[in-house]
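These numbers come from a predicted model, not from an experiment.
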Amino acid sequence: QVHLVESGGGLVQAGDSLRVSCAASEHIVSRYNMVGWFRGEAPGTIREFVAAISSNSDATFYGDSVRGRFTISRDNAKNTVYLQMNSLKSEDTAVYYCAASACSNYACSVRARNYPRWGQGTQVTVSS
C-alpha cells in the first residue's frame, strides 16, 4: 500500500525553477502532523533536511542551504505537499524524498529518523 508518492523531478539548468509534489493518502494526512522533504545523492545515503510543513500550514521549516530559494506549501483538499525550488544550483542535485511524521517543532522535524513514512523519491538533476 503506497502512502506517499513524489513526482515532478527532472533535469534543469542552474538558475532554473522546478516544483516537485508529494501526494499523500488520506491515512497519512489524518495521522501525521508534519510532512517534510529530504534529499540524498542516492538511495540509502544520508538524507539532508530540506523543508517541512505542518498539517494546517501554520509552521514551516527550512534547511540552511535552501532557505530563501525553496518554498514548501500544501493543498489539503488534494492531500498534496509541494516544494517550489528556485535559483537551483548544481549542488541541489539529489533524490528528493517526502516523508511524514508526528513532529510539531523544528528540532524534531529536521531529523530523518523521526519520520516513519517515506515515499520512493524523485530525481532532481541541475546541470551547471
- Message: The test is side chain to side chain contact (heavy atoms under 4.5 Å, CB included); show your working for Phe61 and Met34 and say whether it passes.
- Response: CA-CA 10 Å; Phe61 307 118; Met34 194 72 67; 3.8 Å; yes

Item checked: Trace of the side chain to side chain contact (heavy atoms under 4.5 Å, CB included) decision for Tyr97 with Glu6 -> CA-CA 7 Å; Tyr97 301 89; Glu6 301 93 335; 4.0 Å; yes

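Taking the ring centroids of Phe38 and Phe49, they lie under the 6.0 Å cut-off. Aromatic pair Trp37/Phe70: centroids not less than 6.0 angstrom apart.
Taking OG from Ser25 and CG from Leu4, the interatomic distance works out to 6.5 Å, rounded to the nearest 0.5 Å. Atom CD of Glu41 sits about 13.0 Å away from atom CZ of Arg47, to the nearest 0.5 Å. How far CG of Asp16 is from NZ of Lys89: 14.5 Å, rounded to the nearest 0.5 Å. For the atom pair CG (Asn33) and CG (Asn56), the distance works out to 7.5 Å, reported to the nearest 0.5 Å. To the nearest 0.5 Å, atoms OG (Ser101) and CZ (Arg113) are separated by 12.5 Å. Separating the SG atom in Cys98 from the CD1 atom in Ile53 is a distance of 12.5 Å, to the nearest 0.5 Å.
A pairwise comparison of heavy atoms in Thr80 and Ser21 identifies CG2-CB, 4.1 Å as the closest pair. Nearest approach of Arg39 to Ser65, heavy atoms of both residues: NH2-OG, 3.2 Å. Nearest heavy-atom pair, Trp118 versus Ala112, reported as atom, atom and distance to 0.1 Å: CZ2-O, 3.4 Å. Across all their heavy atoms, Leu88 and Arg69 have their closest contact at CA-NH1, 3.9 Å. Here the shortest heavy-atom pairing between Tyr115 and Ser109 reads OH-O, 2.7 Å. What you find for Ser54 and Arg74 is that their closest heavy atoms are O-NH1, 2.9 Å.
In this structure a side-chain-to-backbone donor-acceptor pair under 3.5 Å is present from Thr122 to Gly9. In this structure a side-chain-to-backbone donor-acceptor pair under 3.5 Å is missing from Asn76 to Asn79.
Cluster annotation: Tyr106 and Tyr62 are assigned to distinct hydrophobic clusters (Ile/Leu/Val/Met/Phe/Trp/Tyr, side-chain heavy-atom contacts under 4.5 Å, transitive). Both Leu18 and Val66 are members of a single hydrophobic cluster when ILVMFWY side chains are connected at heavy-atom separations under 4.5 Å.
A cation-pi arrangement, defined by a distance under 6.0 Å to the six-membered ring centre and an angle within 45 degrees of its axis, is absent between Arg117 and Tyr32. With Tyr82 as the aromatic partner, Arg19 meets the cation-pi criteria of under 6.0 angstrom to the ring centre and within 45 degrees of the ring axis.
Between Val124 and the choices Val95, Thr93, Asp92, Val20, the side chain to side chain contact (heavy atoms under 4.5 Å, CB included) rule is met once, by Val20.
Annotation: side chain of Ser73 is not in contact with side chain of Gln84 (no heavy-atom distance under 4.5 Å). Contact of the Met85 side chain with the Leu83 side chain is registered, since non-hydrogen atoms from C-beta on lie closer than 4.5 Å. Inter-residue side-chain proximity for Thr125 and Val12 is flagged as unmet; no heavy-atom pair is nearer than 4.5 Å.
The environment of CD in Gln123 is crowded: more than 12 heavy-atom neighbours from other residues, nucleotides or ligands sit within 6.0 Å.
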